[in-house]
**Q** 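There's a structure below that I have some questions on.
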Amino acid sequence: MTVLEQSGAYRPTPPPAWRPRVDAAPLLPDEEPFRLLGTPAAADFDSALLARLYQELVRGRRYNAQATALTRQGRLAVYPSSTGQEACQVAAALALQERDWLFPSYRDTLAAVARGVDPVQALTLLRGDWHTGYDPYEHRVAPLSTPLATQLPHAVGLAHAARLKGDDVVALALVGDGGTSEGDFHEALNFAAVWQAPVVFLVQNNGFAISVPLAKQTAAPSLAYKAVGYGMPGRLVDGNDVAAVHQVLDEAVRRAREGGGPTLVEAITYRMDAHTNADDATRYRGESELDAWRAHDPINLVEAELKGRDLLDEQGIAEARDAAEAMAARLRERMNDDPVLDPMELFEHVYAEKTSQLREQAEQLRAELDAESQEGER
Amino acid sequence: MTVLEQSGAYRPTPPPAWRPRVDAAPLLPDEEPFRLLGTPAAADFDSALLARLYQELVRGRRYNAQATALTRQGRLAVYPSSTGQEACQVAAALALQERDWLFPSYRDTLAAVARGVDPVQALTLLRGDWHTGYDPYEHRVAPLSTPLATQLPHAVGLAHAARLKGDDVVALALVGDGGTSEGDFHEALNFAAVWQAPVVFLVQNNGFAISVPLAKQTAAPSLAYKAVGYGMPGRLVDGNDVAAVHQVLDEAVRRAREGGGPTLVEAITYRMDAHTNADDATRYRGESELDAWRAHDPINLVEAELKGRDLLDEQGIAEARDAAEAMAARLRERMNDDPVLDPMELFEHVYAEKTSQLREQAEQLRAELDAESQEGER
Amino acid sequence: MTTAALDTARKPATMAQALGRALHDAMAEDPTVHVLGEDVGTLGGVFRITDGLTKKFGEDRCTDTPLAEAGILGTAVGMAMYGLRPVVEMQFDAFAYPAFEQLVSHVSRMRNRTRGAMPMPITIRVPYGGGIGGVEHHSDSSEAYYLATPGLHVVTPATVADAYGLLRAAIASDDPVVFLEPKRLYWSKADWSPDQPEEVAPIGRAVVRRQATGAGSPATLITYGPSVPVCMEAAEAARAEGWDLEVVDLRSLVPFDDETVCASVRRTGRAIVVHEAVGFGGPGGEIAARVTERCFHHLEAPVLRVAGFDIPYPPPMVERHHLPGVDRVLDAVARLQWESEWTEGRTG
Amino acid sequence: MTTAALDTARKPATMAQALGRALHDAMAEDPTVHVLGEDVGTLGGVFRITDGLTKKFGEDRCTDTPLAEAGILGTAVGMAMYGLRPVVEMQFDAFAYPAFEQLVSHVSRMRNRTRGAMPMPITIRVPYGGGIGGVEHHSDSSEAYYLATPGLHVVTPATVADAYGLLRAAIASDDPVVFLEPKRLYWSKADWSPDQPEEVAPIGRAVVRRQATGAGSPATLITYGPSVPVCMEAAEAARAEGWDLEVVDLRSLVPFDDETVCASVRRTGRAIVVHEAVGFGGPGGEIAARVTERCFHHLEAPVLRVAGFDIPYPPPMVERHHLPGVDRVLDAVARLQWESEWTEGRTG
Ligand SMILES: Cc1ncc(C[n+]2csc(CCOP(=O)(O)OP(=O)(O)O)c2C)c(N)n1
Ligand SMILES: Cc1ncc(C[n+]2csc(CCOP(=O)(O)OP(=O)(O)O)c2C)c(N)n1
Ligand SMILES: [Mg+2]
Ligand SMILES: [Mg+2]
């Protein structure tokens, strides 16, 4: 009985019930990040999958290291490493079916690679080569998005379109903690919830947006709490626990696939490297923080679990390492090629058909190139 | 004891505590809108204030009617009426101290007037006259904002600046339910919470954004739930209960003033008139919905309370009505003036000083006007 | 509910009706065409252009979105990625600005970014321009922003028939098209039957609306959208002063039809660009510059511009002083004689 | 922490240092000057322009904001309303687009909207332009958008001294100034002592960087920002071909210095506008058009434009083909002879 009903004096008409009531409680995230590894519940996690995730983590770590090394050798212009965040990268890629779509941000080359994109093609942008090195339709991986959070509405639109078409397709979109501050984050989540689009948003909360720590980015209890404001469930997960991230994403993807609508997942992780190779992280954070996170390394966590299940021994570790080394060697080698770009291609993809203006300009460049090469021959 | 602590097997390091914990529970809004009128708690509400609010409601209702009538007479180009929402308009104005600032949207002329802005000056924009008819600094009322939600970051910035200066100033910003979907809403609330700016956001949820009903605007349990995602408290209030709205705003303003940071208030109300005089609301909503809301009229609610306290009788009602009529008559009369605009003023306020280009263009217009008036004389 | 826009018996038709009909026909022919925007469904849009579409095609094809322009265009990008052809309505010119980043950073570049793999067949309808007594932010002429953004097509009709034809062409285009609708021509009428729509005007072709007759001093008025009727009227009035004016309606700002424009200017030897958008940094500069580059030896006088002043759009009560009208065009025509150094002496 | 930007003993100084020094001096002199943006605090900005400011003036004066450009500019509007002088950093050109609505609908119009009551003394620093090997969205030349927006001033330095002077002038201005910083000149050096800063260059004055000597065929290169050094080099190289070139550095695009520009063009009779921004709809059109309007009888040839191609900014590996370089300027100079009808014959 409400206060109103108790009161005898006045009985004003309550405001008409004018919209469907949604119960908020099930949408609220847990206070503590969800974890599997190191808990009894880990036992239920599929062994084959866990082993697969492990291999990918080891490969992923090596990929990050190799790509960063390539920047030092001048073979790559810039690399925003996801070292420390491999559990998120790998789980995101593996939680999806082939027909699904991944929408990566600029930091998520590894997720694209784990989904099947050729490692060299995934680095094309960061090499100073063409903006997107892979055909997005081949593995259903949208172009790496540089403008932060702008890829989120794309994911919503694609998921919505697929649903309208009756296709059983889910979109998973990645964004950083910093990216959640952008208006596009807000608009995407709202559209997704209103349309009940089959989309999952994964926030990789790695503690920093370049130099800006989370405390200057948000005052929220956790980013996952944002979900309730859109009417979708929020989940908080330990982003270094690959089993937990996979399970949470898997559930969210399944829910989306079954018509249950979108989910916001916040994975708490840490960017072990600097923002990019060009950044100097010592300007804004200390070694002790890094050390604390080193003790919570995603690879160690899963290694311990696999060892505990007697699924991994020193030999298995060495094998995984060797496979990763082989991948790295092949990457190094392939990145030694100097890409040959045809400057004339600059005019090819602006429109379906070149305008007369572009034809003129192409002629001009053609003439310049001819003159250059004649000079070169002389 | 957590699951993790119970388990003997693995004890991975938990993710380092890397940001201050905020408790979510106190931030969450109630499920039911807060009400005073018609409840026993109403008895504690100050009588003088209640009487004052009543006068303003009656005046406000009349103001809305008069302004709409002026559109029919061609004395006003367009009027977005706040009929039905007067409790929000009036409470917003009266919850502020003189030194505070109000940031109205295009629908909130009445709030500006209730705060002291001259009723004719408040209508300048809607008359087709200059964009802002009043000096914002006179009553500390920002210009009516046409681009939705864009005024919210302004309110945050102003409140933040005042705090930095050590001034005891609170900003109250108004926005519609539709406006909450814009990215600027999100960014403003986030900045406010991170900076702990003394600002209060009042969402007048009147059920529609032009023709779009709330169910197509959001899937949230209530808009007030958005607050938790920014780490600020959300309050839900019956927007037709002027005492409740005033009390909730008063608390929020006080909290902001005392350094407690921002609050998001959602007031559930209803736009009784069409979107503007130019809109045809029958295209998207029915009479029965209107009838239900007519039974929950803000003026009736407060009238009942005042009568119950023996503070209002038929004579008092007639007096309030007469005062409102007098205001309307004066408004009608003053709006009969045809504003005289000097076209040359077009060049006056683009920059602090006219550029040479604007001087040229002003000369051109001057010559044209001279030629026109010579022709007129002939 | 009125279904005026779909009423095929009605004649003459307004531009608003022709636009509605174009949307209708495109949706009927191609199930991948989806309309989305604020109030485009139940209400039929604030200008009633989309009237009846939701009723006929359902909410999934013509959708009332939440109030967020970046969200509208951003989701349209995703829909286009999945093979749909979204037609997005921005409620007014200035309310397209929140979507600017999506437009510039994604819509205009996605095809290029993906080396052709991911085209963006999105039509972005933007009611634009003034002269309708709208309060601020309801009368902007924002075409300069779109013009300077490679990867977009920018078109704008001036007649009822072109409204239909260009909108069909825009929707059919595999490239993103910013479709600028001159608000104050929405209610302009023409004897146009929606049942025999004229041939769809191709994007990129200007049209000579009025040909010089040979009687009088020739000059070309280059214009588009809401200024086309102004120029037609000015051309008529100029006959009395011994001028023989051609009027070129660009229809398409991008791609620009150098051929048609230059052919006219070479015939007449004089040209004026007329538009509502502010002069400084507006389309007129580009047009004047390219015409001069291409026709310098044919020009008897510099290409002049008649444009809005370099000011924020003014209050409705004085907007007529801002908008280029017949008199201002005629004044410029008079200056084309170029007997005096007056213009040149104005500054510096 | 390095405090290079504040190191007063160092000489020569880079443009980046001069900019940092300008911020520092403005903050020291005027307590209402506040700097805000992404990473401007602890990190000192991704280009280190704001390095040391938070340390010296505190977090309240130089503030790391959440990652949201509309929020940054929108809150700056509110701060300006309360009497502060915000200096906002947009991290890169293309990341200013999310703030476009705030810029166009509010910042540029607030003074006008309030009949002068509410000025907007906001400086918006935007690193712009290419040539630094940046991945997409990091090399845009977005000046055309700002140019076409009345109410904004738009300035851009090309020298170390101007970087200091113009930024001081921008911060001191009671109007909003879009301050475009040519990224690839950040590390350019000059013998400039921050202790004896040159007189603050007034906004709105172009400067003739290189005067014609009288030896050779004269022509004027009109340019700004990152293209100034290119034009200086081209002018030097052109001497060998018998050309005697003037170089005008606009410094300020809005207000535009017609006087200085036209005086040069009237002297030389020929002009080329050079900029990195895309040609179509870019600033060059405006500049060429207004020079032609004002100097028609002095022109021996049409004003030509050398600009970026009409394409999205290309991948770094081929950006040099897009950017107007010395050769492309020299080619245009050669076309200024205008003996042939070649250009005119190109289209239409
Ligand atoms: C719209 C936009 N603004 C600014 C930037 C510049 N920028 C690139 S990365 C970055 C920080 C991103 O932080 P976060 O979202 O947490 O992702 P993370 O780098 O941690 O993966 C910034 C500010 C950008 N890319 N896009
Ligand atoms: C950025 C922007 N987009 C679109 C519009 C056009 N518009 C004016 S009012 C309105 C609906 C507003 O709804 P709501 O926020 O609920 O406020 P209400 O009208 O109910 O007071 C729209 C879409 C606008 N003014 N600004
Ligand atoms: Mg981060
Ligand atoms: Mg509403």
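In what follows, every chain begins at residue 1, and chains take the letters A, B, ... in the order their sequences are listed.
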**Q** Look at D:D140, D:L103, D:V254, D:V291 and state which one has the largest set of heavy-atom pairs under 4.5 Å with chain C.
**A**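 Among D:D140, D:L103, D:V254, D:V291, the one with the most close pairs to chain C is D:D140.
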**Q** With a 4.5 angstrom heavy-atom cut-off, which part of C:I287 approaches chain D: side chain, backbone, both or neither?
**A**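 Nothing of C:I287, per the 4.5 Å heavy-atom cut-off to chain D.
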**Q** Could you walk me through whether C:E136 and D:R109 satisfy the salt bridge (charged side-chain N to carboxylate O under 4.0 Å, His left out) test, starting with their C-alpha distance in whole Å, then the side-chain angles of each, then the deciding distance to 0.1 Å, before giving a yes or no?
**A** CA-CA 10 Å; C:E136 50 157 6; D:R109 303 183 194 191; 5.4 Å; no
**Q** Which of residues 68-76 of chain D get closer than 4.5 angstrom to chain C, counting heavy atoms alone?
**A**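 If one takes a 4.5 Å heavy-atom cut-off, no residue of residues 68-76 of chain D lies near chain C.
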**Q** Any carboxylate oxygen within less than 4.0 angstrom of a Lys/Arg side-chain nitrogen, looking at D:E286 and C:R305?
**A** yes
**Q** Which atoms of C:S142 are under 4.5 Å from chain D, going by heavy atoms: the side chain, the backbone, both sets, or neither?
**A**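 The answer is neither part of C:S142.
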**Q** Please state whether the side chain, the backbone, both or neither of D:P98 comes within less than 4.5 Å of a heavy atom of chain C.
**A**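 For D:P98, the contact with chain C is made by backbone and side chain together.
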**Q** What is the minimum heavy-atom distance between D:F296 and C:L299, and which atoms define it?
**A** CZ-O, 3.8 Å
**Q** Shortest non-hydrogen contact from C:A148 to D:A144?
**A** CB-CB, 3.7 Å
**Q** Of the non-hydrogen atoms in C:P302 and D:T292, which two are nearest, and what is the gap between them?
**A** CB-O, 3.6 Å
**Q** Would you say the side chain of C:E101 lies within less than 4.5 Å of the side chain of D:E101, judging by non-hydrogen atoms?
**A** no
**Q** Nearest 0.5 Å please: distance from the CZ atom of D:F280 over to the CZ atom of C:R290.
**A**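 Reported to 0.5 Å precision, the distance equals 5.5 Å.
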**Q** Using heavy-atom distances under 4.5 Å, tell me whether C:P312 contacts chain D through its side chain, its backbone, both, or neither.
**A** both
**Q** Which distance, rounded to the nearest 0.5 Å, do you find between the NE2 of D:H106 and the NE2 of C:H137?
**A**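 NE2 of C:H137 is found 5.5 Å from NE2 of D:H106.
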**Q** How many angstroms lie between atom OH of C:Y97 and atom OH of D:Y145, to the nearest 0.5 angstrom?
**A**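 One gets 13.0 Å once the value is rounded to the nearest 0.5 Å.
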**Q** Is it the side chain or the backbone of C:V303 that comes within 4.5 Å of chain D heavy atoms, both, or neither?
**A**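 Answer is backbone: N, CA, C or O of C:V303 sit under 4.5 Å from chain D.
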**Q** Do you know which of D:P315, D:P314, D:S105, D:G151 has the most heavy-atom pairs under 4.5 Å to chain C?
**A** D:S105
